[in-house]
Each structure stands twice: as C-alpha cells, then as structure tokens.
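In this chain, residues are counted from 1 in sequence order. Only a predicted model underlies this, so the values are computations on that prediction, with no experimental measurement involved.
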Amino acid sequence: MKKLAFTVAVTVLGLAAVAACGGGGDSDEPAATTPQATAAATTAAASPSASVDEDVVKVVNRDPGGSGKYEFSPKELTFSVGETVTFQVSAETEFHTFEVDELEISKEMEAGQTIEFEYTFDKAGTFKLYCVPHEALGMTGTITVN
C-alpha cells in the first residue's frame, strides 16, 4: 500500500513539474506495460525526477547544465524493513556516486550512465544519502526505513 501511495505521489508531482516547466528530455526507458508503469515511465521521460513502478525505484543524480546545483531526484526515499527494492540510478552529465554508509551502499556512475542494483532493507532508521564529489555542494538526501 505504501508503494502505491508513493507511486501516486511521485507521478502527481512529476506531472505537476512537467506542466509548470514544459517538460523536455530524452529517455531510453523500455516501454511500460501497466497503467502505473506507463504513468511512471512518462513522468521519468518528461521530467528530471525519479519515478517508481511496481518493481523499480528510479533516482536521477541531477546536475542541471552549469547551474552549480547538484541534487538527487527524489532526495527523500521511504521504505519498510524487509522490503527489497531494485534501484535504477542515473547520472545526467557528470560522474556521480550514490552512497549510504550505514547501509553499506556505494555505487558509482559515469556521465550518462544508468546503473541498476537490488537492495533489501534490514534495519529501521533514517540514513544519509550523498554523492562523494558533490556532497559539499548540497548533493545529499535521506533514506528512511520504517
């Protein structure tokens, strides 16, 4: 039920961002097959935010062209103890990392690369998410596990 609520929230926020900003961007995402996956894939293709379908949590390491602003999109993620999640994490135009020390997650990706990995959350808490080269520039977030 939480996954569905999160999916709906991300989709609605993504569609609102598209309406406000006019959208844009290309996507190499495979065709979605369910209505939820279709909405999530459309959000991911049209806006630089993350999307969630029934099986995958997508996070974009954003570095909007020359703005000096680095961010995870989304920057706050919530899961349940025991939940297994497949992440797809991508870097827009620079090298980035996806680090959560307390959960022993450490991933790297080159500019334009998307990596995929699976993780099972086995302990509750709020954990700091950060990008090693851009942490001092504000590229941080949180993963909350209930």
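- With rounding to the nearest 0.5 angstrom, the CD1 atom of I143 is 6.0 Å from the CG atom of L103.
- Side-chain contact between T142 and L129 is absent, with no heavy-atom pair separated by less than 4.5 Å.
- The main-chain N or O of Y70 is never found under 3.5 Å from a side-chain atom of D63 such that the two would form a donor-acceptor pair.
- The six-membered or imidazole ring of F98 lies away from that of Y130, with a centre-to-centre distance of 6.0 Å or more.
- Here F127 contributes atom CZ and F121 contributes atom CZ; the two are 8.5 Å apart, rounded to the nearest 0.5 Å.
- Environment of CD in E118: crowded, with over 12 heavy atoms of neighbouring residues, nucleotides or ligands closer than 6.0 Å.
- H134 and H96 get closest at one heavy-atom pair: ND1-ND1, 3.1 Å.
- Contact annotation: the side chain of Q88 never approaches that of V59 to less than 4.5 Å [non-hydrogen atoms, C-beta and beyond].
- Between the S73 side chain and the V60 main chain, no donor and acceptor come within less than 3.5 Å of each other.
- Between F87 atom CZ and T114 atom OG1 the span is 14.5 Å, to the nearest 0.5 Å.
- Residues I105 and I115 share a single hydrophobic cluster, defined by chaining ILVMFWY side chains whose heavy atoms lie under 4.5 Å apart.
- No chain of hydrophobic side-chain contacts below 4.5 Å, direct or via other Ile, Leu, Val, Met, Phe, Trp or Tyr residues, connects V132 to F95.
- Rounded to the nearest 0.5 Å, atoms OG (S90) and CZ (R62) are 10.5 Å apart.
- Checked by atom type and distance alone, the side chain of Y119 never pairs as donor or acceptor with a backbone atom of E83 at under 3.5 Å.
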Stepwise side-chain contact (heavy atoms from CB on, under 4.5 Å) check, N61 with V89: CA-CA 7 Å; N61 291 307; V89 183; 3.3 Å; yes
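- No hydrogens or angles considered: nothing links the side chains of T97 and E108 as a donor-acceptor pair under 3.5 Å.
- Closest heavy-atom contact between V145 and S80: CG1-C, 3.8 Å.
- Atoms OG1 and CG, on T144 and L77 in that order, are 8.5 Å from each other to the nearest 0.5 Å.
- In this structure, the separation between OG1 on T93 and CD on E110 is 12.0 Å, given to the nearest 0.5 Å.
- Counting only residues at least two apart or on different chains, the salt bridge (charged side-chain N to carboxylate O under 4.0 Å, His left out) pairs with a member in residues 135-146 are K128-E135.
- A distance-only check finds no donor-acceptor pair linking the side chain of K69 to the backbone of M139 [under 3.5 Å].
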